[in-house]
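Structure first, commentary second.
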Amino acid sequence: MIFDNKFVQQRIEKANILKNAGYNPYANNSKRNTTIAKYLNVNADVANTESKRDEKRHYIVSGRIKLQRIMGKASFIKIEDESGMLQVYVARDNLPEGFYNDIFKKNIEVGDIVEVGGYPFVTGQGELSLHADSLQLLTKAISPLPEKFHGVTDKEIRYRKRYLDLIMNTKVKKTFQTRSKVISLTRRFFEDKGFLEVETPMMHPIAGGANAKPFVTHHNALSIDRYLRIAPELYLKRLIVGGFEAVFEINRNFRNEGMDATHNPEFTSIEFYWAYKTYKDLIRITKEYFEYLFDHLNLPTLLPYGDLEVNFANFQEIPLIESLTTIGGVPADVTGDATKIVEYLNAKGITVKPGLNLGQLQGELFDEFVEEKLIDPTFITEYPVEISPLARRSDENPAITERFELFIAGREIANAFSELNDPVDQLSRFEAQMAAKDSGDDEAHEMDSDFVEALSYGMAPTAGQGIGIDRLVMLLTNEHSIRDVLLFPAMKPISAEESVLQNTDEE
RNA sequence: GUCUUGUUAGCUCAGCUGGUAGAGCACGUCACUUUUAAUGAUGUGGCCGAUGGUUCGAAUCCAUCACAGGACACCA
């Protein structure tokens, strides 16, 4: 049974004692008239008065009891609401006859949510507190809180029972407040630039727009399978064909792949598409976007990330091939020759799948020797066409695309390019992806002929970009696991779960 | 998917080369009207992740499984 723990039983018994005495342990008559942060702010002046108190003021605040120090006929408790923590002085003689001994001391405890009324005063130790003349239990907690000093540190408990993590670890609350602000600021930034926020399907007949394995679900009425989207890209571009000139979508993508410190099966990204612009414009708007975020989040441009320090005033821009030599240290005569690259990689003890083309091998070199060295924000540009199936070719050099990826602290944060809008070229790139799929690449793009048809009606020259919001938040909050920036990260069930599909089929 | 390290009271953790389970916090009882992880006294609290094996005897050794952390592989 869920409540058979003896500590829980003990607390249920306390709730029952209160009920039997006609006292509701789940009262619904809160009269709170301020928050703790406001209380502390408004009454800060009390410290400067002679008596260190102002009995003419009166406030009602509410919160969860985090600490309780009972000293006979008087007690200190610390209560916490969303805004902060407040010390409350509770003395027997300021409360109704019998309340302090019979109700407060015996049946109210750490973890319970209470409401207190009283006046501000400063204790002998100099802490602005509340001198209580009323105290009411609002919610009896029947499960005890984790240890008051160490809190809950077990990662499994923190992720599975995030509410406990939030109760016990104030830093966690901060992280998710920052996350919320990042999303809100992102929305505002693009709206202010004239972008239209849109919502495109999450259930796709073809999982397109990225190299990834999709989740499959089933539509009963139509008897067809649908894929959870791996990217919104192809729908957003259809909207550009339709005549919208600047659109964005902030929402979830789903990829059926491994989980680790930087991958969750569902993750949030923003993708935005901008007609009559190129990837050069995207570099400019991206810099502006970061400036906007740092400004509104009050972050220093020298931002610590683990052992690293990232200088957000030092955006760099370098073509991929050039970075292989200048940053990766790969000799220039190697980087343009597939055979020499394989030899070079083998000499370094790295084996690659046979049959990779030049562009793919350059990608290997980049992943191996360059990526982790990109600490300050760096736009890597001019990607080989072989690893950029949706990007527009450079007019000067058809082997490379008008594309960049933004790397910060050794990690990819954004991916952007001037979009391919030649429908015949797009068709042949899909066909190449089909060939790759046939030869065993199960992450190659699917043919999406409806999308190619959309392009056939003409898409204005367009630049598009995706930014991984989770990784961005990790960077801004100095967190090193994606689970620490997701309120409810994906976890395996503790006991074997039956297949959801089987259950619904029976209905 | 592979390797690796964990899993002991509600929480944080001890428990050595096998000999019937420990602390702190929390909780109960008592004392205490300005404390700061309040303090002092005292008591309750455990299927040692699960299942097998070795052994006279297993929290401890071995195997399998489950879950989690870390690393690698794949990716964003």
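Just so it is clear, the values below take in all heavy atoms, side chains as well, and ignore hydrogens, waters and symmetry mates. Letters A, B, ... are given to chains in the order of the sequence lines, protein chains preceding strands, and every chain is numbered from 1.
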> Has the side chain of A:Asp260 got a donor or acceptor atom sitting under 3.5 Å from an opposite partner on the base of B:A76?
Replying inline: no

> Less than 3.5 Å between a donor and an acceptor, one on the side chain of A:Thr123 and one on the base of B:U36, is that the case here?
Replying inline: yes

Which listed nucleotide ([options]) is nearest to the side chain of [X]?
| X | options | answer |
| --- | --- | --- |
| A:Gln87 | B:U36, B:A76, B:U34 | B:U36 |
| A:Arg255 | B:A68, B:U12, B:A76 | B:A76 |
| A:Arg69 | B:G69, B:A76, B:U36 | B:U36 |
| A:Val152 | B:A37, B:C32, B:C11 | B:C11 |

OP1 or OP2 of [N] versus the side-chain N and O atoms of [X]: is any pair under 4.0 Å?
| X | N | result |
| --- | --- | --- |
| A:Arg158 | B:G69 | no |
| A:Gln125 | B:U35 | yes |
| A:Ser75 | B:C32 | no |
| A:Lys492 | B:C67 | yes |
| A:Arg160 | B:A68 | yes |

>> For A:Phe254 and A:Phe215, take the angle between the two ring planes, folded into 0 to 90°, and tell me which bin it lands in: parallel under 30, tilted 30 to 60, perpendicular over 60.
In response: perpendicular

Between the protein and nucleotides 1-10 of chain B, are there any N/O to N/O pairs under 3.5 Å, and if so, what are the atom names and distances?
{"residue": "B:G10", "atom": "OP1", "partner": "A:Asn5", "partner atom": "ND2", "Å": "2.9"}

>> Under a 3.5 Å cut-off for both contacts, is B:C32 paired Watson-Crick or G-U wobble with anything, and if yes, with which nucleotide?
In response: none

> With both distances kept under 3.5 Å, what pairs with B:C13, Watson-Crick or G-U wobble?
Replying inline: B:G22

> How many Å lie between CD1 on A:Ile77 and P on B:A26, as a whole number?
Replying inline: 15 Å

> Could you give all pairs that pass the salt bridge (Lys or Arg N to Asp or Glu O under 4.0 Å) test and reach residues 370-379 of chain A, with sequence neighbours left out?
Replying inline: none

